[in-house]
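Dropping the structure in here first, questions after.
So you know, we letter chains A, B, ... as the sequences are listed, proteins then strands, and number each from 1.
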Amino acid sequence: MSKTVPSSMALAPSASPPKEPVCIFGTGDFGRALGHKLLQSGYPVVYGSRSTQGSSLLPSGVEVLSHAEAAQKAAIIIVAIQRQHYPFLTSLAELLRGKILVDISNNLKLNQYPESNAEYLAQLLPGARVVKAFNTVSAWALQSGALDASRQVFVCGDDLEAKRKVMDLVHALGLTPVDQGSLLAAQEIENYPLQLFPMWKFPVFLSLGLTTFFFFYCLTTDVIYRYVQEKRDFSFLLAISIPNRICPILALILLAVVYLPGVLAAILQLYRGTKYRRFPAWLDRWMLCRKQLGLVALAFASVHVLYTLVIPIRSFVQWRISTYTISQALSNKTVPLDTTNAWISDSYLALGILGFFFFVLLGITSLPSVSNSVNWREFRFVQSKLGYLTLILCTAHTMVYGGKWFLSPSSYKWYLPPPYMLALILPCAVLVLKFVLVFPCLDKPLTQIRQGWERNPQYPE
Amino acid sequence: MSKTVPSSMALAPSASPPKEPVCIFGTGDFGRALGHKLLQSGYPVVYGSRSTQGSSLLPSGVEVLSHAEAAQKAAIIIVAIQRQHYPFLTSLAELLRGKILVDISNNLKLNQYPESNAEYLAQLLPGARVVKAFNTVSAWALQSGALDASRQVFVCGDDLEAKRKVMDLVHALGLTPVDQGSLLAAQEIENYPLQLFPMWKFPVFLSLGLTTFFFFYCLTTDVIYRYVQEKRDFSFLLAISIPNRICPILALILLAVVYLPGVLAAILQLYRGTKYRRFPAWLDRWMLCRKQLGLVALAFASVHVLYTLVIPIRSFVQWRISTYTISQALSNKTVPLDTTNAWISDSYLALGILGFFFFVLLGITSLPSVSNSVNWREFRFVQSKLGYLTLILCTAHTMVYGGKWFLSPSSYKWYLPPPYMLALILPCAVLVLKFVLVFPCLDKPLTQIRQGWERNPQYPE
Amino acid sequence: MSKTVPSSMALAPSASPPKEPVCIFGTGDFGRALGHKLLQSGYPVVYGSRSTQGSSLLPSGVEVLSHAEAAQKAAIIIVAIQRQHYPFLTSLAELLRGKILVDISNNLKLNQYPESNAEYLAQLLPGARVVKAFNTVSAWALQSGALDASRQVFVCGDDLEAKRKVMDLVHALGLTPVDQGSLLAAQEIENYPLQLFPMWKFPVFLSLGLTTFFFFYCLTTDVIYRYVQEKRDFSFLLAISIPNRICPILALILLAVVYLPGVLAAILQLYRGTKYRRFPAWLDRWMLCRKQLGLVALAFASVHVLYTLVIPIRSFVQWRISTYTISQALSNKTVPLDTTNAWISDSYLALGILGFFFFVLLGITSLPSVSNSVNWREFRFVQSKLGYLTLILCTAHTMVYGGKWFLSPSSYKWYLPPPYMLALILPCAVLVLKFVLVFPCLDKPLTQIRQGWERNPQYPE
């Protein structure tokens, strides 16, 4: 090709040298899709197949050879065959010596085999340089170009040079390589596409547990208590009133759970006098799923807002107001406006609205594309300052809502405190701890520690 | 400068060789902006212009030469002149032989000329390697760096090597090249910036058609019927009540339209016994705009929610409630609470709230930055499982809303069924079909087919 | 092509040549984190340190040498030491001649020193090629890989070749280099991480000023006036009613402020007869923060919506409705439905809902990931057409809300017009100006000017 362009060749070394061919073992769905994509990106593609008759499904412009012939043509071989056929490759062991074998396979179940497919391949062919990659990408997505889901390609391997070449290949295909370290990580990478929102597990299970607890708590105090004591059927409260008690409680508790580990970490750092010792594993994991916890809390808050706003449309509420008005009219009296009541009612609504507003703001800034466009100081400002403001507003909202019933005995049905009181424990604890940590006598050493100062430095420079 | 760095030169070939110069024909807005950007990215830039006096608008540090001289300096020439001036380039045909000519032009109208500008250029200069690119980028965006709109640059061309070089150039400018194939695609690429939301056309026209139909339907049953039968003017219902009937109906129908093609595709695959035959074109197109259909449905649902929540503020509603209460008070009676009614009212509100909540969740996960950060299993889980859950909740919401009026003759004004009944037909059909497909006797072969199994394989391996 | 790649050769010509080593001066947090990341990306890393005993905190696989030895090993040296230690580097001046020194430092305060750290470094070592980079990235983010905040790395430097190499390095680490020009920009880049939402300053201060003004205005007309005239305490209006007056006013004014500079720019271009003269600085700055102004306006609109929707739940409102109903019942009269009233009430609610709906749509399209996926024509359509539609709907909403009170003397307490009238001035002015500009006699020359036509061209081609 260079012969046709002498003038350009004379001018400068081309920015992109001709790309080296890539070999693909296997002509299944994924092999075909990847070949198609590689061709588009300018890589020559050679297929290794049992039958060398090109299928009409293969992209045009590729060579189809026997496995042995194909392997000789390229330095990178993508193994798009199933694990159970791997042993066949041992017959090519000599040819594959030194080659980069890219294992793209997935299993059907978590930890299906004792070792990962990639490690199995490396054991079968000790002379080859095995790299795990591409297993998180779907053939359909590659072919249609509609990469709506992840563009991330997790890559791992023991040979650094081989891994880097595969990462370059991934990059050239318009995908984002993510280095996951040595081949030991292959097991985790193979499990990844089988997992469903791994970071969301703890938040979801925590909220399911809490929901169940508060559901039966509210059922007892609101439905069963009234049925036992007053013989009245209030089971319809199950549709809106009780969910609308549970949602704000969970939103508040989960929001406190978001900020609790940060406070605990600060206490631990103060106690240890250094930031260079790892946190316990449970604290690390907890801190890593704070974003998910916050979003689940936001979901509960949103449903709470919707449930609250439909209150005046509910036929039960309309009946209650109407009955009250009629009874007032019949007894021929008008109540003057109670300004204290108006203040309390308006305050807790206003606090709730502002709290929800900042909560939504937090949610928006946690969108990947938004958080990518702010600097660190801004990100910390939003997630920390605005976060605590939200927590304060939501806690105040609940407190003012509780208002004067805190001390009224009628609130304690069967000696059980109303559920919102239980919800206040954790947020108040977090706020008190945070308030204590803000005092200069604690804040100053903490800031020093976070800037790298150590009380008992291990490696004096 | 290399003289001052012997030690580094000894160590390794530089990661980035000096970049080859790029020539730009034409010093208009786009030519200037692109030159500016190329300079910033380290490319030497040469302008080819009729007048070789550099304008003060040109970026500093560029050469301005005659077209012929400039063309000799670079392998890549960006043709930033208008189509009507292309014939002038034939005089340079010999010089341009083998050069990469990048056609960046756009037309003012769709399909303005029989052939695309890029194909026209290739016909005029058969010796040059023409590549279409950059036509979707605005000069203003390039210059200001405020690339708020698309970073995608569609590239097409018959010469693979030339196309790859242009794609490398696009990449180096911080933009995203998207290969669209051979120069035949130029027509489509040139039409692209003239198009306004092409994927949204079908969803928008469909919803406009349905809106018109249901508007006149509701006008008939709610305003005209009452005017004719009761001689009362209810025209004010046009502002809120009637839109609030149309919005939920459209949201529900469009949501069903999102899931209908998936069901049809499954039936077709089952019938054909293979997944390797293309769907009919209409089904393909329908499936490609499901996301847009879903978002339009979400828009209708959101407006429905707002319209519903303002109900208690409407002066008509306040008048109706007040009148009812007064009449009750005057007739000196109080109605006891109807628990069945309370159950129905609360249930349909709760179903609607939950349906809307999951609907919004679906909308959030369709944001590009969110869908990029989930794996395929998660994406499918959200779009399929959560999608059907939303459809079930919304259908149930409408059914419970209809409730006991289904069989009441007073609902059938002029023998017309109330509009929400019409809205239920399609969602129920989709849900029934889906329910049938979930049975193991159909689900098992379908899963096999989707994994590549064929009932009558064409290419036995 | 296969001929050119015999099997031995297939292994050798790597797509990516071995990467040249990078030297890091300093083994602090950032030095360690960056070294870790560089290693992962395939770069050999050499540390220059006072003590050459490798700390256990350093990534494994790196060399730790004296500063002088380390400097000789690499062409790029990352200076991860604090500004006060820079003078020490002068002792290495001879060794650092021609090397690329990457200044990554930040200050603790804005404009802490007369010259930027990078310029200071360049003064100390006139033979070195200083490039500013990486100062906006946090060590913690580099190490954990959790780049939730900005991936943008601002780069500036006087040596183009050196700058490009650093930008390549940034790119190789998976970050996004952004060229900011010569080393003069270092001051600004060093200030950047200390800034908190710089683009949001004007919108936030403007809205704070307006909020304060309207707060005292409403306080006067709603609370003080009634207290003085009627001796009644309406202070509880401070919680919801008064915020709910201020929010829509600010949303409307700020929305008008978004579209005012565009209209002014059009007038200026028409007057000057060219688009090639710069706008005055204040207009430029104003136009650059339109997106932020619009988002602040949207925030106010959202809070207004929430405040409005809780109206029927407020105990004051329930008391007012109940009192009114009782008084009607007691005086034994029923008011017939006022259809005009119903029309007005429903219209302003419907206009508000639609205005808010389009406002939210504008907000969603301003999300980076959404605006990246539309073409320019679509972006302009949304931001201009939909924007004006929103402005028209919101202005109409306010006008219909005002309705019949415009001319009623009782609205003018102490001769002060109701606040919403003040809010209407700016939007109406913008809409009138825009309406005038749409006339063909002005629109045609404006379009020509924007396409590059000049009334008095300076550089005739």
Side-chain angles (χ1 to χ4, degrees), chain B residues 1 4-5 7-8 11-16 27-29 40-42 50-51 55-57 136 138 141 147-152 174 192-197 233 235-236 239-241 243 299 302-303 306-307 309-310 312-316 318-319 322-323 325-327 329-330 367-369 372, chain C residues 17-21 72-75 97-99 127 159-161 164-165 168-169 172 176 179 276 305 308-309 311-312 321 324-325 328-329 332 334-335 337-339 341-343 345-347 349-350 353-354 356-357 361 367-379 381 452 459 461:
Chain B
M1 197 149 284
T4 61
V5 217
S7 61
S8 86
L11 271 163
S14 163
S16 51
T27 56
D29 274 9
Q40 275 193 332
S41 309
R50 269 169 294 172
S51 107
S55 148
S56 72
L57 293 166
T136 53
S138 96
L147 279 163
D148 265 336
S150 182
R151 291 175 174 277
Q152 293 193 325
Y192 178 73
L194 297 168
Q195 280 174 327
L196 208 53
F197 298 106
D233 174 16
S235 63
F236 66 89
I240 292 193
S241 303
S302 308
V303 174
L306 285 174
Y307 272 129
L309 292 178
V310 297
I313 319 179
R314 292 172 61 193
S315 84
F316 163 62
Q318 290 183 344
W319 168 84
S322 160
T323 307
T325 309
I326 293 168
S327 74
L330 292 183
L367 283 173
S369 65
N372 275 344
Chain C
K19 283 167 178 167
E20 52 179 326
Q72 283 173 300
K73 294 247 179 181
R97 184 170 301 280
K99 300 279 184 183
D159 187 301
L160 283 183
E161 173 70 16
R164 225 195 47 227
K165 281 195 181 175
D168 288 342
L169 189 70
T176 312
D179 189 346
Y276 294 115
V305 166
T308 303
L309 292 178
I311 285 178
I321 292 174
Y324 170 80
T325 309
Q328 294 271 311
N332 204 347
T334 45
V335 193
L337 175 62
D338 178 352
T339 7
N341 222 9
W343 254 114
S345 148
D346 280 14
S347 301
L349 289 171
I353 287 170
L354 292 176
F356 182 66
F357 172 76
L361 218 63
L367 284 172
S369 66
V370 175
S371 57
N372 275 345
S373 63
V374 297
N375 71 34
W376 266 96
R377 187 149 171 248
E378 292 163 352
F379 188 72
F381 174 81
Y459 306 100
E461 199 174 334

query = With only heavy atoms counted, which part of B:Ser235 is less than 4.5 Å from chain C, the side chain, the backbone, both or neither?
reply =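 Looking at B:Ser235, backbone and side chain both touch chain C.
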
task = Measure across C:Ile321 and B:Gln318 and return the closest heavy-atom pair with its distance rounded to 0.1 Å.
result =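 Looking at all heavy atoms of both residues, the closest pair is CD1-NE2, 4.0 Å.
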
query = So, for B:Asp233 and C:Thr339, which heavy atoms are closest and what is the spacing to 0.1 Å?
reply =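 That closest heavy-atom pairing would be O-CG2, 3.5 Å.
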
request  = Begin with the C-alpha distance, continue with both residues' side-chain angles, and end with the deciding distance and a verdict on side-chain contact (heavy atoms from CB on, under 4.5 Å) for C:Leu337 and B:Phe236.
outcome  = CA-CA 11 Å; C:Leu337 175 62; B:Phe236 66 89; 3.9 Å; yes

inquiry  = At a 4.5 Å cut-off on heavy atoms, which part of C:Leu354 comes close to chain B: side chain, backbone, both, or neither?
reply    =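 Answer is side chain: those atoms of C:Leu354 sit under 4.5 Å from chain B.
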
Non-hydrogen atoms of B:Arg314 and C:Asp346 that approach each other most closely =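 Scanning both residues completely, I find the closest heavy atoms to be NH2-OD2, 2.7 Å.
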
inquiry  = Between C:Leu169 and chain B, with a heavy-atom cut-off of 4.5 Å, which part of the residue counts as in contact: side chain, backbone, both or neither?
reply    =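 Contact with chain B: none, neither part.
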
key: Under 4.5 Å from a heavy atom of chain B, the part of C:Leu160 involved   =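 The answer is neither part of C:Leu160.
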
inquiry  = So which atom in B:Ala239 and which in C:Ala350 form the shortest heavy-atom distance, rounded to 0.1 Å?
reply    =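 The answer is O-CB, 3.4 Å.
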
query = Relative to chain C, which segment of B:Leu330 carries a heavy atom at a distance below 4.5 Å: side chain, backbone, both, or neither?
reply =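 Side chain only.
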
